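Given the structure is predicted, the values throughout are model-derived calculations rather than measurements.
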Amino acid sequence: MKEQIAKIKENALKEIEEAQTLQELDSARVKYLGKKGELTVVLKGMKDLSQEERPVIGSLVNEVRAKIEAKIKSIENIFEEQELNKKLENEKIDITLPSTKMKRGSKHSINRVIEEIEDLFVSMGYDVVNGPELERDEYVFEKLNIPKGHPARDMQDSFYIDSEYLLRTQTSSVQVRTMLENKEKTPIRIICPGKTYRRDDDATHSHQFGQVEGLVIDKKEKNVSLADLKGTLEIFAKKMLGENSKLRFRPSYFPFTEPSYEVDVSCFKCQGKGCNLCKNTGWIEVFAAGMVHPNVLRMCGYNPEEYAGFAFGPGLDRITMFKYGIPDIRILYANDLRFLNQFDRKDV
């Protein structure tokens with residue numbers, strides 16, 4: 001049997017050495033080391049050997065198997081290296097050819113405005129807070145002093161999922177969440193940028209639009225007043241729409257603020273002289289603002305005798321339209337490359 005094993009070793013090493021392809025190499029592996037291979041047959045015949053011969057033959061078979069496997073591995077490595085070199089030669093890139101021009105993207109105009117607003121308010125000590133777009137009716141309306149059946153809902157009731165949940169109509173719901181979560185009643189200075197949804201669709205309104213609302217809450221002895229609100233909005237207008245911007249406060253009504261104001265900004269196109277953009281009035285409505293209503297404070301866990309605050313809410317889309325001279329809000333969402341490509345060159 002020793003002679004048989006030596007013959008198998010000689011034939012196997014010779015056949016492996018002469019293999020020209022990986023397929024021939026694999027055939028040799030099966031022939032000598034497979035389940036029905038020649039070495040396997042020898043192992044199966046060991047049952048007929050004596051107790052003294054079995055360990056000797058077994059050791060010899062294992063030694064031959066190891067040598068055959070090592071030889072196969074070395075030849076296999078040679079084939080793989082040859083295959084790799086062949087691929088590198090055939091698939092190499094000719095760097096002398098002109099490259100394919102890649103289209104470069106750019107930030108959307110609304111994203112530019114959001115980042116600019118966030119940077120401005122963070123520099124003033126505000127935090128940026130986000131909340132869910134699918135929101136509870138309680139947070140969108142009821143805790144903002146708009147109970148069920150209130151006429152103020154008529155302008156906003158829009159996309160309900162069921163009787164309790166709807167797509168938020170304003171980011172004020174984030175203000176409610178922030179106040180409710182502030183158990184320690186520490187001062188609040190936040191802005192809440194995000195998407196909102198109402199059933200509008202024309203040149204100046206969209207069923208989906210961006211809004212950024214601001215909220216400041218603190219103890220009354222800190223003198224949180226309408227003057228602070230006015231100063232904040234003046235800084236905002238000058239930084240976003242130009243240093244010559246002027247504000248005009250008009251008394252208005254909002255259920256969640258008292259007193260409430262519509263805030264106009266002097267037209268940055270005509271400098272207040274009157275043009276088609278401002279409809280010849282010299283002013284453009286930009287903000288809704290006011291002092292936080294006592295009922296809102298109370299429903300959100302604050303004693304209105306001890307705390308006061310103000311809130312404001314410009315529309316992101318409108319600010320973007322004014323800043324870049326965009327005439328139709330629907331252009332912002334049409335994904336028209338003729339419009340979007342213009343902002344590849346606008347870095348301010």
Side-chain angles (χ1 to χ4, degrees), residues 104-124 126 128-131 133 156 167-172 174 190-214 232-248 262-272 275-279 281-289 311-348:
R104 185 179 68 173
S106 61
K107 291 181 182 177
H108 194 280
S109 53
I110 292 180
N111 288 335
R112 291 174 180 268
V113 169
I114 290 174
E115 290 179 3
E116 192 172 345
I117 291 174
E118 288 180 348
D119 288 344
L120 172 61
F121 279 100
V122 167
S123 71
M124 296 166 63
Y126 285 64
V128 179
V129 182
N130 296 304
E133 294 176 24
Q156 298 186 16
L167 294 177
R168 66 186 183 188
T169 61
Q170 54 200 358
T171 55
S172 302
V174 183
I190 62 168
I191 59 168
C192 322
K195 298 174 184 175
T196 55
Y197 305 85
R198 298 181 191 175
R199 57 174 187 273
D200 293 316
D201 189 20
D202 57 46
T204 58
H205 297 85
S206 171
H207 67 280
Q208 174 197 300
F209 58 97
Q211 195 176 55
V212 54
E213 296 208 21
T232 301
L233 297 187
E234 282 183 343
I235 293 174
F236 178 91
K238 290 180 181 296
K239 293 294 184 182
M240 296 299 299
L241 302 176
E243 288 296 329
N244 295 323
S245 298
K246 297 179 181 178
L247 297 185
R248 180 177 70 176
E262 298 278 4
V263 184
D264 304 327
V265 177
S266 56
C267 181
F268 52 88
K269 182 179 180 181
C270 65
Q271 304 302 318
C275 64
N276 61 336
L277 181 62
C278 62
K279 300 178 181 178
T281 65
W283 299 93
I284 300 174
E285 179 187 331
V286 176
F287 301 95
F312 54 90
L316 288 171
D317 310 74
R318 182 162 293 187
I319 293 291
T320 304
M321 292 170 68
F322 293 160
K323 188 174 180 66
Y324 295 115
I326 300 169
D328 192 323
I329 193 174
R330 290 170 290 195
I331 295 176
L332 295 172
Y333 302 105
N335 290 328
D336 189 328
L337 287 177
R338 293 171 298 178
F339 166 72
L340 297 175
N341 285 338
Q342 299 178 54
F343 293 91
D344 188 27
R345 299 183 296 275
K346 290 184 181 292
D347 294 319
V348 295

- Pick one: which of Ile114, Ile319, Leu316, Val128 meets side chain to side chain contact (heavy atoms under 4.5 Å, CB included) with Val212? Leu316
- Message: Name the residue from Ile117, Thr171, Asn130, Val174 that meets the side chain to side chain contact (heavy atoms under 4.5 Å, CB included) definition with Pro193.
- Response: Asn130
Rounded to the nearest 0.5 Å, what separates atom [atom1] in [X] from atom [atom2] in [Y]?
X: Arg112; Y: Lys323; atom1: CZ; atom2: NZ; value: 10.5 Å
X: Glu285; Y: Arg248; atom1: CD; atom2: CZ; value: 10.0 Å
X: Lys238; Y: Asn244; atom1: NZ; atom2: CG; value: 7.0 Å
X: Leu247; Y: Phe287; atom1: CG; atom2: CZ; value: 6.5 Å
X: Phe322; Y: Thr320; atom1: CZ; atom2: OG1; value: 10.5 Å
X: Asn335; Y: Leu340; atom1: CG; atom2: CG; value: 6.0 Å

- For the ring pair Phe236 and Phe312, is the centre-to-centre distance below 6.0 Å?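 No - the distance between ring centres of Phe236 and Phe312 does not fall below the 6.0 Å cut-off.
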- Message: Could you check whether any side-chain N or O of Arg198 sits under 3.5 Å from a backbone N or O of Phe209, counting only pairs where one atom can act as donor and the other as acceptor?
- Response: no
- Task: Determine the minimum heavy-atom distance between Glu213 and Ser172, stating which atoms define it.
- Result: OE1-OG, 2.6 Å
- Shortest non-hydrogen separation from Val263 to Ala289 and the atoms involved: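 Smallest heavy-atom distance, with atoms named: CG2-CB, 4.1 Å.
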- Steps toward side-chain contact (heavy atoms from CB on, under 4.5 Å) verdict (Gln342, Tyr324): CA-CA 11 Å; Gln342 299 178 54; Tyr324 295 115; over 6 Å; no
- Query: Yes or no on side-chain contact (heavy atoms from CB on, under 4.5 Å) for Ile284 and Leu241, after CA distance, side-chain angles and deciding distance?
  - Reply: CA-CA 11 Å; Ile284 300 174; Leu241 302 176; over 6 Å; no
- Go through Met240 and Val113 one step at a time and tell me if the side-chain contact (heavy atoms from CB on, under 4.5 Å) criterion holds. CA-CA 8 Å; Met240 296 299 299; Val113 169; 3.9 Å; yes
- Message: Would Met321 and Leu332 count as a side-chain contact (heavy atoms from CB on, under 4.5 Å) here? Give the steps.
- Response: CA-CA 9 Å; Met321 292 170 68; Leu332 295 172; 4.2 Å; yes
Is there a side-chain contact between [X] and [Y], using heavy atoms and a 4.5 Å cut-off?
X: Leu120; Y: Glu116; value: no
X: Trp283; Y: Cys267; value: no
X: Asp336; Y: Ile331; value: no

- Query: Quick check: are there more than 12 heavy atoms from other residues, nucleotides or ligands sitting under 6.0 Å from NZ of Lys239?
  - Reply: no
